[in-house]
Protein chains: 2
Amino acid sequence: MARNGTTVREVADRAGVSIATVSRVARGIGQVAPDTRRRVLSAIDDLGYRPSHLGRALVERRHAALGIVFPGLSGPYYTEVIGGFESEAIAARQSVLILGTHLLGHSDDQVMEIATRVDGLAIFGGTVATTSIQRLVASGLPTVLLASPPLAGASSVRSENRAAARRLTGHLLRVHGYRRIVFVGNPDRSPDVTERWRGFSDAFRDTNLEPPAEPVRSGLDQAAGLRAAADLLDADDPPRAMVCANDETAFGAYKSAAARGVRIPEDLAITGWDDLPLAELVSPPLTTVRQPMRELGALTARRLLAGIRHADDYPPDVVLNTELIIRASCGCREGASAAAGPPGSAVNADDNG
Amino acid sequence: MARNGTTVREVADRAGVSIATVSRVARGIGQVAPDTRRRVLSAIDDLGYRPSHLGRALVERRHAALGIVFPGLSGPYYTEVIGGFESEAIAARQSVLILGTHLLGHSDDQVMEIATRVDGLAIFGGTVATTSIQRLVASGLPTVLLASPPLAGASSVRSENRAAARRLTGHLLRVHGYRRIVFVGNPDRSPDVTERWRGFSDAFRDTNLEPPAEPVRSGLDQAAGLRAAADLLDADDPPRAMVCANDETAFGAYKSAAARGVRIPEDLAITGWDDLPLAELVSPPLTTVRQPMRELGALTARRLLAGIRHADDYPPDVVLNTELIIRASCGCREGASAAAGPPGSAVNADDNG
DNA sequence: TTGCCGCCTGTAAACGTTTACCGAAAAGGC
DNA sequence: GCCTTTTCGGTAAACGTTTACAGGCGGCAA
């Protein structure tokens with residue numbers, strides 16, 4: 001009922017009451033005589049009246065909506081996180097606005113735009129300039145950084161990355177003895193990848209080895225992974241192992257390897273990140289790190305809702321545990337897995353990354 | 001700037017003008033003396049003023065927003081379609097509201113709710129009761145049914161299903177000579193699946209065979225496919241081929257087969273639908289039907305935008321072509337593909353399914 | 001000097017709600 | 001029967017915009 005919206009006034013006329021009474025009946029608050037209530041209800045029903053959100057939001061000074069900003073990239077990871085977010089928001093009777101920043105330079109404008117339509121905003125790390133985030137926080141809008149460290153006064157919800165990357169890479173270095181290992185991913189584009197790259201380097205230092213100076217920069221989708229892997233495999237000195245920034249990149253690398261007759265893991269070990277449902281279906285099954293994607297989104301929504309109702313007891317920053325999933329693509333035979341964070345504490349209230 | 005939003009009045013005070021002048025400057029329309037304009041602009045800048053959407057939308061009687069309703073299920077298919085939709089909407093400077101109907105019975109309420117917040121609404125087939133759709137259409141809200149035939153006066157955007165399913169199943173029946181073929185999917189839950197099931201049955205009649213009386217009902221995600229396939233494979237008379245309603249179901253079936261040592265395609269042929277990026281990565285590569293998922297979403301958004309600006313020349317109903325992708329999971333050796341619709345006409349303006 | 005015209009800017013109504021406040025009527029206590 | 005209390009419901013202001021309308025003022029032609 002948006003276009004020809006029936007208004008409270010029409011209902012009032014038909015029921016022979018004032019608009020105040022209609023409002024009272026519609027909201028179910030205040031004293032209204034049973035008989036009057038019945039008349040109003042039947043008028044509402046006859047006319048198919050639904051209160052306009054605009055009018056209501058204007059006077060109540062709240063939108064009953066949450067927003068989420070994510071990189072235009074789709075892919076299972078974002079879907080899951082957004083799904084968890086949406087699900088939690090709807091359960092709290094909030095609408096959900098989404099904004100993909102499609103690599104447009106001027107998307108900060110669109111972010112400020114969406115900010116005027118919501119009561120709280122979740123922002124994936126790496127999508128919005130710090131100064132814009134500062135402006136949002138300063139304006140008083142509850143803002144949560146998703147998959148990013150706290151920044152510019154905003155709180156954050158993310159998964160543990162660095163320690164898991166360190167264990168994963170350590171596994172390749174020490175259990176399998178690989179030396180020519182590359183990291184495929186761009187640490188500059190996403191805080192998650194930054195941390196994974198750091199953990200990757202940590203593992204080399206743990207083993208008294210010099211970490212690679214540079215990662216192999218690549219986007220996070222399958223096509224980008226395919227290209228990056230193709231370049232690597234066609235070079236003079238192809239790597240023995242690729243630590244990919246996420247599963248999709250790894251899948252792209254699988255494809256490149258298959259096209260060249262490179263065997264996994266005999267000629268090339270590959271690891272991913274996220275543990276998508278398909279990770280155990282590809283052949284060989286992918287060694288990866290599992291992170292609770294839906295929960296990431298759900299917690300973000302809850303954090304936002306707490307901020308909106310000024311529930312300041314809620315932990316400002318949350319770090320979720322990740323889990324190393326060893327399958328066959330690293331060279332292992334058998335499935336074995338290990339928790340990468342302190343077991344039993346699924347949620348940490350501080351940011352000891 | 002949502003919480004403590006600076007208002008047009010504060011800007012007016014600071015610039016020493018009336019609110020009308022501020023509005024004129026902010027919108028860049030109407031006559032304003034250069035000197036006044038400068039003063040107002042600097043006041044806007046100083047205060048970080050952004051016009052409230054609420055106020056604007058209320059008086060302009062439009063929300064500058066589009067909505068999309070999808071089944072709570074996530075999964076690559078929905079991601080892609082929603083991504084295409086969002087991308088197109090943002091390009092037209094419209095916000096995007098999403099609503100997953102999480103199998104809640106009372107989600108029709110939420111749909112009516114979101115309807116009061118948008119200028120146009122896209123609805124995935126099978127998510128909303130027909131009577132609710134009728135109410136929306138009657139209210140004058142531009143409404144498009146996605147992946148569904150036209151219904152209740154709403155127009156629709158979808159892919160061709162029936163002919164492609166017929167060709168796919170015909171391929172299994174005639175090229176490979178399989179007879180015990182089952183359809184895995186629930187035709188009652190989604191119009192897409194209904195059509196695929198019909199095409200499946202058509203192919204049997206084409207070959208003068210009796211089609212199976214019933215499909216093997218299953219959800220559309222990997223876990224559901226796994227369960228359905230497990231039941232089938234553990235039964236006394238396992239099928240020779242499974243025509244799965246989508247790729248994810250097929251991936252689940254792969255998993256079930258692998259767990260039981262059933263070989264694909266030697267013991268069991270499997271086909272999917274959607275041609276997800278991973279379809280050619282699993283082993284064996286999946287025979288499937290490709291549909292233009294992003295385009296489906298993008299066209300839906302364009303259809304909605306046309307409806308909003310009363311561009312009635314736009315074709316009301318659109319059917320996109322699909323393409324049969326023959327890989328190895330059906331028993332074929334080599335990749336060969338064939339268009340399932342009339343070649344060259346990517347978009348048909350009527351609904352000759 | 002007197003109109004007239006065009007440019008600029010202000011006033012006020014409108015969009016659709018919610019709710020504080022007030023008054024009328026009904027109910028209850030003595 | 002009168003006063004107090006309660007219940008019910010109406011009036012009007014407020015939320016933040018846009019824009020129709022009108023008015024003031026300067027310039028220009030006669």
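Side-chain atoms are counted along with the backbone in the values below, which use heavy atoms only and exclude waters and symmetry mates. Per chain, numbering begins at 1; letters A, B, ... match sequence-line order.
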Whole-Å distance separating the [atom1] atom of [X] from the [atom2] atom of [N]:
X: A:Arg24; N: D:dT7; atom1: CZ; atom2: C1'; result: 11 Å
X: B:His53; N: D:dT18; atom1: NE2; atom2: C1'; result: 14 Å
X: A:His63; N: C:dT17; atom1: NE2; atom2: P; result: 17 Å
X: A:Arg37; N: D:dT7; atom1: CZ; atom2: P; result: 14 Å
X: A:Leu54; N: C:dA14; atom1: CG; atom2: P; result: 19 Å
X: A:Arg50; N: C:dG16; atom1: CZ; atom2: P; result: 17 Å
X: A:Ile29; N: C:dA20; atom1: CD1; atom2: P; result: 9 Å
X: A:Asp119; N: D:dC15; atom1: CG; atom2: P; result: 18 Å

Is a salt bridge present between [X] and [Y], judged by a nitrogen-to-oxygen distance below 4.0 Å?
X: B:Arg14; Y: B:Asp46; result: yes
X: B:Asp13; Y: B:Arg9; result: no
X: B:Asp109; Y: A:Arg50; result: yes

Under a plain distance cut-off of 3.5 Å, with no hydrogens placed, do B:Ser148 and B:Arg158 share a side-chain donor-acceptor pair? no
Any base atoms under 4.0 Å from [X], or only sugar-phosphate, or nothing? Heavy atoms, all strands.
X: B:Gln31; answer: base
X: A:Ala33; answer: sugar-phosphate
X: A:Ser23; answer: base

Is the shortest side-chain N/O distance from [X] to OP1 or OP2 of [N] below 4.0 Å?
X: B:Arg61; N: C:dC15; value: no
X: B:Arg27; N: D:dT18; value: yes
X: A:Thr36; N: D:dG9; value: yes
X: A:Ser52; N: C:dT17; value: no

Nucleotide nearest [X] (side chain, heavy atoms from C-beta), chosen from [options]:
X: B:Leu58; options: C:dA12, C:dG16, C:dT18; result: C:dG16
X: A:Thr7; options: D:dG10, C:dT17, C:dT18; result: C:dT17
X: B:Ser18; options: C:dG10, D:dG16, C:dC21; result: C:dG10

Can you tell me how the ring of B:Tyr78 sits relative to the ring of B:Phe70, calling it parallel under 30°, perpendicular over 60° and tilted otherwise?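 Geometry flag for B:Phe70 against B:Tyr78: tilted rings.
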Which is more 5' along DNA chain C, the nucleotide nearest B:Pro34 or the one nearest B:Gly55? Just name the residue. B:Pro34
Result for 5'-nearest mapping on DNA chain D, choosing between A:Ile19 and B:Arg9, is A:Ile19
